[in-house]
There are 2 protein chains.
Amino acid sequence: MLTRKQYDLLLLIDKRLKSDGVPPSFDEMKDALGLKSKSGIHRLITSLEERRFIRRLPHKARAIEVVRLPENTPEEEKELLRNNGTRFRMNSSASIIADNNTEIPLYGKIAAGTPIEALRDENEFVSVPQNMLGMGEHYALKVEGDSMIEAGILNGDTVVIQRSNSSENGAIVVALVDGYEVTLKRIYCRQGKVALEPANKNYETKVLAPERVAVQGRLVGLLRNY
Amino acid sequence: MLTRKQYDLLLLIDKRLKSDGVPPSFDEMKDALGLKSKSGIHRLITSLEERRFIRRLPHKARAIEVVRLPENTPEEEKELLRNNGTRFRMNSSASIIADNNTEIPLYGKIAAGTPIEALRDENEFVSVPQNMLGMGEHYALKVEGDSMIEAGILNGDTVVIQRSNSSENGAIVVALVDGYEVTLKRIYCRQGKVALEPANKNYETKVLAPERVAVQGRLVGLLRNY
DNA sequence: GTCATATTGTTTTCTGGTAAGCATATTTTC
DNA sequence: GAAAATATGCTTACCAGAAAACAATATGAC
């Protein structure tokens, strides 16, 4: 996940945050890593941000925050981290990864009849209360259209999806039909067929052969802003 | 996240709050940081407010509150903070967990026709994505009943309310009627009367004299778990 | 009205972050 | 093993923001 330099820099920032409370400036990082210019640091920082190990405010001095540390931190280092903050361990070290990972990627929009727009590389994220997340991988989609309006899912809502290939009967899922059309629908299995049922009288339930339908995830949460 | 000055000032305010119960004035802060003018303090305070470390009331003397402390306060200082006072610990540790999720109090349930159950002292909290919150104070309510179902607000949903006494026409608000009945409704002002309109054909719009209705807050967000 | 507190403005200085260009390792891929 | 992609190193230059100082108002408290 990280290169040596990126990793070293991340640990440095984390260390400094814990010892001083203030993150190092680019110049200080430059010195600490033994570089002669800041631009290298700039690129490392950019990578770390892209990979969501740190978060920052653009154009602000020392506006860096460590979001998480890499999982594979060597044992000795982990030991160190652990001893650094026994009581407040929740915010230090890798435990963050497990329970506090509250940002999930926003993959795009979903609407009846149109495929998801591929936004994945744009690196957009949505923050979600962690109690909304269960096990496994989650992502978010923006709902477009009114096909699920009777289930209280409105145009513009953000839905939280747990990645999964299976589904219980009657669950609301993200389903891929014929490999290109993605919809958010209630799913039922009836006599060897799969029914995708919208929650809007103006739309029709589609009954399809199981081969044509691939479940991509299960609806686990919904967020709406007014 | 913070520069040295910002960080020092934040700790100073926190310390004074805990030892005296009263935040320092601008002048006192100026002296404590060894500045020769208050304007610097003003700017530091502004940055701290921007970054949501403190909250303040405009035009009020010493109206500063510490919302949270930086994630990576050095251990010794944290130790101090822990021993000094529990006052703000809930808040700070809560937001430490996940910077992007703030915890707001869950005051109880709200339903057409029945008052909010007072849960306030039970100290229940709900975590919400920070981008759902605007300025001011927020709280959460659990929706009971189906009176707003056509607005996509279902039984069991959690609504996020921004405390406020006023409202725009057509907004969904928490309204207190005759001092005892609390409902979540769309509000309209018509010819000197106030209309509280449910989003369900089976319920009726109430038209009341303005004196009988007190707006308690404005709907700003909604959370649902499946 | 007076005093203490807050807000706003301007200027200057300096630190810190951004950016582009080019060179050099290092890793990946075929 | 060579080509390609990625990561890193270094330089220079530029610009934005942080900070300090001083001044002038505005506002709330009493």
Visitor: Just the rounded figure in Å: distance from P of C:dT8 to CZ of B:Phe26.
Guide: 11 Å
Visitor: Rounded to whole angstrom units, what separation is found between the CG atom of B:Asp27 and the P atom of D:dG28?
Guide: 19 Å
Visitor: On the ring face of B:Tyr188, is B:Arg190 found with NZ or CZ under 6.0 Å from the centre and within 45° of the axis?
Guide: yes
Visitor: Just the rounded figure in Å: distance from C1' of C:dG17 to CD of A:Glu28.
Guide: 13 Å
Visitor: Report yes if a side-chain nitrogen or oxygen of A:His42 is closer than 4.0 Å to either non-bridging phosphate oxygen (OP1 or OP2) of C:dT18; otherwise report no.
Guide: yes
Visitor: Provide, to the nearest angstrom, the distance between the CD1 atom belonging to A:Ile45 and the C1' atom belonging to D:dT8.
Guide: 14 Å
Visitor: Regarding B:Glu197 and B:Lys206, does a basic nitrogen lie under 4.0 Å from an acidic carboxylate oxygen?
Guide: no
Visitor: Let me know the distance between CG of A:Leu2 and C1' of D:dT6, rounded to the nearest Å.
Guide: 14 Å
Visitor: Just one of A:Leu196, A:Val173, A:Ile172 clears the side chain to side chain contact (heavy atoms under 4.5 Å, CB included) bar with A:Leu184, so which one?
Guide: A:Ile172
Visitor: If I take atom CZ in residue B:Arg62 and atom P in nucleotide D:dC30, what distance separates them, rounded to the nearest angstrom?
Guide: 12 Å
Visitor: Can you sort out the partners of B:Asp31 under salt bridge (charged side-chain N to carboxylate O under 4.0 Å, His left out), two or more places apart, ordered by chain and number?
Guide: none
Visitor: Indicate for each nucleotide in nucleotides 12-19 of chain D, in 5' to 3' sequence, whether protein heavy atoms under 4.0 Å reach the base (B), only the sugar-phosphate (S), or nothing (-).
Guide: -----SSS
Visitor: Would you call B:Asp8-B:Lys5 a salt bridge at under 4.0 Å N-O?
Guide: no
Visitor: When the distance from CG of A:Leu48 to P of D:dT6 is rounded to whole Å, what number comes out?
Guide: 18 Å
Visitor: Rounding to an integer number of Å, can you tell me how far B:Lys36 NZ sits from D:dA23 P?
Guide: 13 Å
Visitor: Could you tell me whether B:Lys38 and B:Glu28 have a side-chain N and a carboxylate O separated by less than 4.0 Å?
Guide: no
